[in-house]
Visitor: 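Quick one: the structure is below, questions incoming.
The chains referred to below are lettered A, B, ... by the order of the sequence lines, with proteins before strands, and numbering in each begins at 1. As the structure is a prediction and not an experimental result, all values here were calculated from the model.
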There are 2 protein chains.
Amino acid sequence: MTVTLADVAARARVSPATVSRVLNGNYPVAASTRERVLRAVDELDYVLNGPASSLAAATSDLVGVLVNDIADPFFGIMASAAQGAIGEGAAGRGGGEKLAVVCNTGGSPARELTYLTLLQRQRAAAVILMGGSLEDPEHLTATAAKLARLAEAGTRVVLCGRPPVPGDANTAALVFDNRTGARQLTEHLLGLGHRRIGYAAGPADRTTTRHRLEGHRAALTAAGVPEGPTVRGAYDRQAGYEATAELLARDPDLTAIVAANDTVALGVCAALRDRGLDIPGDVSVAGFDDLPFSVDAVPALTTVRLPLHGAGVRAGRLAMGTEEPSAGGPETVPAELVVRGSTGRPRG
Amino acid sequence: MTVTLADVAARARVSPATVSRVLNGNYPVAASTRERVLRAVDELDYVLNGPASSLAAATSDLVGVLVNDIADPFFGIMASAAQGAIGEGAAGRGGGEKLAVVCNTGGSPARELTYLTLLQRQRAAAVILMGGSLEDPEHLTATAAKLARLAEAGTRVVLCGRPPVPGDANTAALVFDNRTGARQLTEHLLGLGHRRIGYAAGPADRTTTRHRLEGHRAALTAAGVPEGPTVRGAYDRQAGYEATAELLARDPDLTAIVAANDTVALGVCAALRDRGLDIPGDVSVAGFDDLPFSVDAVPALTTVRLPLHGAGVRAGRLAMGTEEPSAGGPETVPAELVVRGSTGRPRG
DNA sequence: TCCTCGATGGAAAGCGCTTTCTATCGCAGA
DNA sequence: TCTGCGATAGAAAGCGCTTTCCATCGAGGA
């Protein structure tokens, strides 16, 4: 029925061992033999049995990329970059063809753990966790334990945009400098003269949410400006829309609103427009991430750029083992303020 | 070192066979025994060896979802929906925990084939191909052959947003009604009085591009209106930006531009704005897909809505086998015209 | 000319699980 | 009390590959 290694061996008049060696290319095989084997493979249209191979070799070519929301370009861009890096890495070396797959956790801790277990089952070669995580102690512990087991079993673990597990200095980690980015953004607003700034935050208990909020507050504190209203919501446009109403209700004299990210900012803009408020004339708006559509908003969004593509590539290479993690703990991915039309001086 | 089935069996004082049966739940095991086994599993923190299991059972729990561009929400939304459906399907049944993974082909035929092979290696339970495909005869043949082999090996194949392979009536297929959607869109423009309509098309040789263009032309032909300029480009914002310059150069009196999709439309809008043209006062703009950000464009984009989420869910269920494909060939997913502010009557 | 070593190829022992095929046990029917 | 059957559990044979020994064959070196 299905063609096996043995069939190929028989056709090429060699032993199964030789076929295996030709396919894996990690053992000297005479050129003529190799060619004969490859021809047989071709003629029989043979495809290696992955499970059998993984079982015998005790490794697999699967690389898992866990993301919080695959429908969000923030993750899409990083995942795409990582997948690209993993693909080209494979092309570079001889037989290391890796299957990079992305798994969508939907931000659910349970699904995250499930995927991690499934990946562990598959004896994945590497796992990349992208994006902030829930700050629930229980989940953190469970995740840390899972990652430790994975690492122990030989799976390379890479954290990308998620703080490193405390006490575990040896898994590669890329952390986004959300704090500094957020701080610069608020400083920019402060510099323009804003003193009443609302904040449309992301979901509670998420590292990304917390870090951005901390940066925001740090800027405020440093400038001696009192903190304005803050409301929390999901990382989507509707949350931004709703947050705006709430923010304005709490302080009708707001002159600026900082959003958890660009998507939320879009919702904020929509809400403002619907109330007949001008951006940035009446209220300035700022986002975060600098996703592709941000420049197309009207007015274009002031935001903080994160080198998502670059981070994804780096994560992919770390996962492939083609690049080594930096020696001194987690690497910081810098954030860069991008000023556009959605922020301006407050009226008055 | 690593815990195996045998270890669990020893601890629970049963045979490996029994442990396997408890884990797979497809054979009667006395409640007391089952409990003892489960406790042992828990105590030893046992995780099934996927490759071994797949090898012995000749099946795996992997479901591959191939998309053209994971950074594009068009695919992100569908993939997310499919993954959700596959996850919940697993929760519903007893042990059918499936690992839905998305693979990013980047629109490259070669990568598509590579992923298909890799999935075939893994003896994937199902494969979902999302989005239009390249219309190169050679690639079509190769893909069809690959899919046939997969199906033959027991992998369920689902096409979502891609035309069915000719001559293969038995793989499940969901086809988007791009033609009708595009036609309605252009009819809408025609109804508003537009007679000089430019078209910013997607990449050549792609089914999606062709179908949308055909619908557009059909509307034009039916109305006896001559076709305006058409330029092709990628499915991204920059392509739209550049296409606009070209379109306007070819016909400075254009009163409307139809874009291949919403992302391209955003680029068109940006280009128009940069030239000081009003939308829709000077030029009307229309997109396709109705991605989430379309409503946030200013003015909000007139577009054609495709039920991406629903299609993704359906594809996921077909892949799981929890829903049967419709009997009479491929299912058509309807497109719906959504009129918003970016289209209006031409001046004069 | 004999021996040693490098280059190749084969034999065979698993990798950890699933799944027949059997064996056992207890109880209902006769 | 004996037979038979349903319900469980175990034994053992692989699933298709990788990889560690070994065996073989020439070609130099002594």
Visitor: Roughly how many Å is it from CG in B:Leu55 to P in D:dT18, rounded to a whole number?
Guide: 11 Å
Visitor: Classify the nucleic acid contact of A:Ser20 as base, sugar-phosphate or nothing, counting any heavy atom under 4.0 Å across all strands shown.
Guide: base
Visitor: Any side-chain heavy atom of A:Val41 sitting closer than 4.5 Å to one from A:Leu23?
Guide: yes
Visitor: Please give, in whole Å, the distance from D:dA11 C1' to B:Leu5 CG?
Guide: 15 Å
Visitor: Counting only side-chain N and O atoms of A:Asn24, is one of them less than 4.0 Å from OP1 or OP2 of D:dT18?
Guide: yes
Visitor: Whole-Å distance between D:dC17 C1' and A:Asp7 CG?
Guide: 13 Å
Visitor: Is it true that B:Glu112 and B:Asn68 share a donor-acceptor pair across their side chains at a distance under 3.5 Å?
Guide: no
Visitor: Salt bridge (Lys or Arg N to Asp or Glu O under 4.0 Å): which pairs involve residues 118-131 of chain B, sequence neighbours left out?
Guide: none
Visitor: Can you measure B:Asn26 atom CG to C:dT19 atom P for me and round it to whole angstrom units?
Guide: 6 Å
Visitor: Each nucleotide in nucleotides 8-13 of chain C should get exactly one letter: B, S or -. Can you fill that in based on protein heavy atoms under 4.0 Å?
Guide: BBBB--
Visitor: Rounded to whole angstrom units, what separation is found between the CZ atom of B:Arg121 and the P atom of D:dG16?
Guide: 16 Å
Visitor: Are a donor atom and an acceptor atom from the side chains of B:Thr117 and B:Thr114 found within less than 3.5 Å of each other?
Guide: no
Visitor: Closer than 4.0 Å, any side-chain N/O of B:Ser53 to the OP1 or OP2 of C:dT18?
Guide: yes
Visitor: Less than 4.0 angstrom from a charged side-chain N to a carboxylate O is my criterion; do A:Arg314 and A:Glu331 meet it?
Guide: yes
Visitor: Starting at CZ of B:Arg123 and ending at P of C:dT18, how long is that distance when rounded to a whole Å?
Guide: 17 Å
Visitor: Using 4.0 Å as the upper bound for N to carboxylate O, is an ion pair formed by B:Glu323 and B:Arg156?
Guide: no
